[in-house]
Participant: 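Following this message is one structure expressed as structure tokens.
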Amino acid sequence: LVSLVLTALLAYNVHAISQVSRTGRYLYTADGSRFYIKGVAYQQQGIVTDTSAANPFGEPSTYIDPLADASGCARDLPYLQQLGVNTVRVYSVDSTKNHDSCMSALSGAGIYTIIDLTLPLNGSIDRSSPAWSTNLLDQYLATIDAFSKYDNVLAYNVGNEVVNGSSNTNVAPFVKAAARDIKAYLTAKKSSVLIGYAAIDGADNFRDPLANYFSCDPSNTNSGSTAIDLFGLNNYEWCGNSTFADSYTDTENNFAGYNVAAYFSEYGCVPASGARPWTEVGALLSSDMSPVWSGGIAFSYFPAASAAGQFGMVTLSSDNKTVTTSTDFTNLGTQYGAATPPNSPAKASVAAAAFPACPTQNSTFLGSTTLPATPNLAACQCLKNALSCQFTPVVSDYTVVAGQLINTACGLLGQSGGTCTDIAADGAAGTYGLVSGCDPTVKLSYVMSKYYESQNRNSQACSFAGNGTVNSHASTSASAASVASSCIASPSATFAPTAPASSSGSSSTATTTSGGGKKNGASTLVGGG
């Protein structure tokens with residue numbers, strides 16, 4: 001009987017949910033009705049490894065994929081329906097797992113998903129050492145391919161709070177390049193899923209130009225090829241029983257002229273005492289804010305601890321089979337049920353989005369309009385195979401070792417009169433080294449090879465504590481630089497990427513047990529702030 005019900009449900013869900021698309025800066029369903037996100041963050045918190053003062057929301061190092069948990073999804077679906085949500089935001093997913101049961105059930109219930117493409121630790125753009133590289137591109141494409149068969153993916157986020165202050169706005173070009181390439185990939189697949197980014201609600205002097213940067217056109221030709229479709233703001237301004245005038249007026253005014261769709265990608269301040277009344281829903285889903293905002297994601301369905309408070313609307317029993325709801329849960333369901341946002345403007349009256357020139361660089365916004373190239377897996381593989389000294393780690397979890405060895409190799413190379421310019425990238429200057437789009441292991445092999453060659457190809461110079469091996473198949477006359485120039489013929493090329501042959505799996509080495517760490521610009525379950 002269960003199998004028959006599941007089969008019927010799967011068959012029903014082939015066209016069970018209306019497609020949502022963007023026209024101008026608004027979202028509409030297929031019948032032309034205005035679509036507002038009535039959402040909730042839906043992911044259990046991973047293991048938090050960093051709760052420093054600079055990052056009160058923590059650095060999860062692991063994640064739990066809720067969309068791969070069929071029993072958990074079946075357990076929670078009635079409660080999601082009670083809340084009246086039409087969207088869940090999921091912060092990290094495992095592309096190697098099966099998501100059919102949960103995605104089908106959500107679709108049948110009229111619930112869309114916003115899926116962050118990032119993973120904890122090494123599966124996202126690292127704001128401290130940014131790069132848009134083959135390992136990240138391949139991971140993002142693997143996730144898209146895993147979810148391309150489902151009809152209820154509303155958007156993919158290419159980052160969450162990657163930029164968290166004016167001093168690291170130089171990271172923005174890498175995120176914009178990711179949006180460009182993912183958008184090109186979806187276009188090639190004839191997919192209408194939206195591309196989004198979730199931003200920290202920081203100071204206006206970097207938050208506003210950052211939002212404009214992600215939706216601008218560097219070519220000044222009114223092209224949306226590098227622009228996001230959906231801007232998310234992690235906003236926690238409204239606490240307790242506030243008012244639109246006290247909490248949201250400035251935010252509404254600051255985004256009054258924004259050109260693409262926008263929503264609150266997280267909201268739900270924890271008051272000093274008592275349950276959250278969620279009265280901000282009445283403002284967010286009203287005519288006061290509908291000219292700019294298309295709803296939001298309440299944070300969070302599952303418990304999530306942080307220095308900003310104890311979030312969560314339900315608790316699970318020790319065996320994870322029983323759900324107990326809280327007053328927070330009841331209040332949000334009441335507010336969502338009472339919200340009646342206006343069904344305007346009419347889709348036919350909305351002009352297509354215009355993509356303006358990008359913000360100019362200044363002391364609080366450093367992002368260049370020159371973006372990194374599309375990462376080229378074939379070119380990087382060509383380089384890897386031909387390098388004279390190759391990284392062959394002695395440990396299976398080599399990600400930390402690789403970072404340390406890059407620093408060591410660059411230091412040794414510098415002492416020998418060489419540089420690591422070819423693997424460097426500078427989002428403020430708009431300069432990107434020839435090898436900067438390759439994954440860290442290829443970059444390391446490149447620097448190791450340059451040092452090895454500077455030492456007259458002495459085999460000991462390729463050892464690096466046993467982590468390097470001389471490539472017996474490499475030319476003994478060709479230098480690493482010449483090999484790079486041969487393999488990577490067009491270092492600034494952009495193109496629609498294709499998924500690698502192994503796209504069924506993720507390239508991240510993070511433990512699958514949520515979202516990724518903010519240090520790396522990945523989505524964290526306890527985002528915002």
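Throughout, numbering of the chain's residues begins at 1 and tracks the sequence. Quantities reported herein were computed from a predicted structural model and do not represent experimental measurements.
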Participant: Could you check whether the SG atoms of Cys102 and Cys73 sit less than 2.5 Å apart, since that is the cutoff I want to apply?
Facilitator: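 Their SG atoms fall under 2.5 Å; a disulfide, then.
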Participant: Between the main-chain N or O of Gly24 and the side-chain N or O of Arg22, is there a donor-acceptor pair closer than 3.5 Å?
Facilitator: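 Between the backbone of Gly24 and the side chain of Arg22 there is a qualifying donor-acceptor contact (under 3.5 Å).
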Participant: Can you tell me which residue pairs pass the side chain to side chain donor-acceptor pair (under 3.5 Å) test with a partner in residues 345-365, sequence neighbours excluded?
Facilitator: Asn362-Thr364
Participant: Would you find a donor on one side and an acceptor on the other, under 3.5 Å apart, between the side chain of Gln43 and the backbone of Tyr91?
Facilitator: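 Side chain of Gln43 to backbone of Tyr91: a pair is present.
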Participant: What residues, two or more places apart in sequence or in another chain, satisfy side-chain contact (heavy atoms from CB on, under 4.5 Å) together with Ser286?
Facilitator: Asp288
Participant: Ignoring hydrogens and angles, tell me if any N or O in the side chain of Asn259 forms a donor-acceptor pair with the backbone of Ala354 under 3.5 Å.
Facilitator: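 Yes: the side chain of Asn259 pairs with the backbone of Ala354.
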Participant: List for me each residue that meets side-chain contact (heavy atoms from CB on, under 4.5 Å) alongside Ser191, sequence neighbours excluded, and say none if there are none.
Facilitator: Leu186, Val193
Participant: Identify, with sequence neighbours excluded, every residue that meets side chain to side chain donor-acceptor pair (under 3.5 Å) alongside Thr29.
Facilitator: Asp31
Participant: For Tyr336, check ring-ring contact (aromatic ring centres under 6.0 Å, His included) against everything at least two apart and list the hits.
Facilitator: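 Residues passing ring-ring contact (aromatic ring centres under 6.0 Å, His included) with Tyr336: none at all.
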Participant: Only counting residues at least two apart or in another chain, list the ones meeting side-chain contact (heavy atoms from CB on, under 4.5 Å) with Glu252.
Facilitator: Phe244, Met289, Pro291, Val292, Trp293
Participant: Donor-acceptor check, side chain of Tyr112 to backbone of Gln19, threshold 3.5 angstrom: yes or no?
Facilitator: no
Participant: Evaluate the side-chain proximity of Phe206 to Leu366: yes if any heavy-atom separation is below 4.5 Å, no if none is.
Facilitator: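 They are not in side-chain contact.
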Participant: Can any side-chain N or O of Lys176 pair as donor or acceptor with the backbone N or O of Cys216 at less than 3.5 Å?
Facilitator: yes
